[in-house]
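If you're wondering where the values come from, they're calculated on a predicted model, not measured in any experiment.
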Amino acid sequence: MDKGKGIASSGKRKKGGDDDDKTGSGIRKKRNRQVLQFFEDAADVDDDDDDSDLSDLNELSDFDEEEFDVELKVKKEPGKAQSIPFFPKEEQMDEDEFDKMMEERYKDGAGFVRYADDPFEAKLVERDSLLALATDATIWKVKCMIGRERQSAFCLMQKFVDLKSLGNKLEIISAFSVDHVKGYIYIEAERQCDLVEACSGLSGIYTSRVTTVPANEVSHLISVRCKKSQVTKGMWARVKSGNYKGDLAQIVGVNDERKRAVVKIIPRIDVHALAEKYGGGKVAKRTDVPAPRLINSNELE
Amino acid sequence: MGSNHNHPAPAAQIPTSFGHELRACLRCRLVKTYDQFRESGCENCPFFKMEEDHEHVVDCTTPNFNGIISVMDPARSWAARWLRIGIFSLFALFILNSIWEGVACALYCCA
């Protein structure tokens with residue numbers, strides 16, 4: 001009877017958590033079922049008081065059906081197996097397992113983090129309750145100067161605040177820019193004329209090119225993460241400006257947090273000018289750039 | 001622009017300038033400049049105590065974030081609801097960083 005109780009209670013828990021990802025809870029249930037039957041207090045504090053024998057029998061038969069349903073779903077969406085973290089499971093794990101799980105999730109190639117280039121999955125099970133309602137204002141995609149998307153969003157905010165202190169109110173609801181969508185910003189407003197009026201006077205926003213965005217696509221925009229840095233060790237790059245403009249350089253080190261990279265390049269050092277400078281003589285300013293030459297360190301002495 | 005005391009919706013400061021000094025709070029993604037965080041901390045996360053120590057500002061905010069959203073009317077905005085933003089301010093859409101920065105962030109919460 002203990003066994004029956006254990007299975008029934010985990011079945012109840014699954015029903016209770018109906019806003020969780022179905023596949024996730026299915027997997028968790030399968031893994032923990034053998035363990036849970038030994039935990040008398042794992043019968044969670046569900047306030048169901050219909051815990052009579054009769055309901056146990058009913059639940060057992062229901063449970064089989066649910067389990068089969070869940071199995072089918074699990075096969076269909078293998079990629080989402082680990083999509084939602086379950087706190088009870090994490091608390092039961094010890095530190096090493098937790099570390100491993102985190103590394104698994106965030107290492108390259110793991111399915112946990114979605115990238116900008118991934119194909120749009122038609123079924124997004126999570127956040128159903130936050131989908132746009134018909135009463136919500138529409139979201140417009142407005143053409144903008146490339147490289148100025150963030151600044152335009154910021155300017156709109158400044159304009160809103162400035163106008164408010166004068167007593168006028170800008171009728172837009174929010175404005176956002178997504179970094180990987182270049183050349184467009186998204187503005188939420190009730191009517192297009194509000195939008196045009198809000199952006200009037202801002203040189204970076206082109207209100208002649210405005211389109212609406214359907215709501216399901218916007219949620220995809222906001223939920224997607226960018227790929228990790230494209231720059232890695234061993235790659236080649238070309239210098240854009242300065243003395244070394246146009247020169248090929250090889251990347252030997254990357255610092256992602258500071259967005260910097262260390263590169264190796266053929267020097268264009270004018271040894272004579274350096275010698276004069278450090279010798280204390282007058283520096284003759286050279287306007288032409290010295291040719292690239294591999295230098296020995298003894299030459300620099 | 002200071003924080004809006006008379007505004008009906010709760011508000012936070014918006015950044016005073018726009019450039020490389022913009023940082024986003026790791027926990028709530030509020031965007032302000034480094035100096036603003038140093039002076040008045042994060043309105044959503046006062047326990048970080050950024051006013052006390054500039055180390056806290058460096059640990060709990062990051063300049064690497066993707067996307068930015070200005071929320072003018074959080075009550076009517078679908079985007080603000082999706083991102084769970086309730087106040088009038090500038091926010092980052094999401095933060096690009098490794099999970100270990102988040103660990104430092106969590107330590108401050110517990111301390």
Top contributor to chain A contacts, counting heavy-atom pairs under 4.5 Å, from B:D73, B:L22, B:V31: B:D73
Interface residues of residues 144-154 of chain A facing chain B - heavy atom cut-off under 4.5 Å: A:R150, A:Q151, A:A153, A:F154
A:E188 with B:R76: basic N within carboxylate O range, under 4.0 Å: no
From OG (B:S77) to CD1 (A:I139), nearest 0.5 Å: 7.5 Å
From B:I68 atom CD1 to A:I185 atom CD1, the distance as rounded to the nearest 0.5 Å: 11.0 Å
Exercise: identify the closest heavy-atom pair between [X] and [Y]:
X     : Y      : result
B:N66 : A:V178 : OD1-C, 4.3 Å
B:F65 : A:D179 : O-OD2, 3.5 Å
B:V71 : A:M157 : O-CE, 3.7 Å

Residues forming a side chain to side chain contact (heavy atoms under 4.5 Å, CB included) with A:R209, sequence neighbours excluded: A:K143
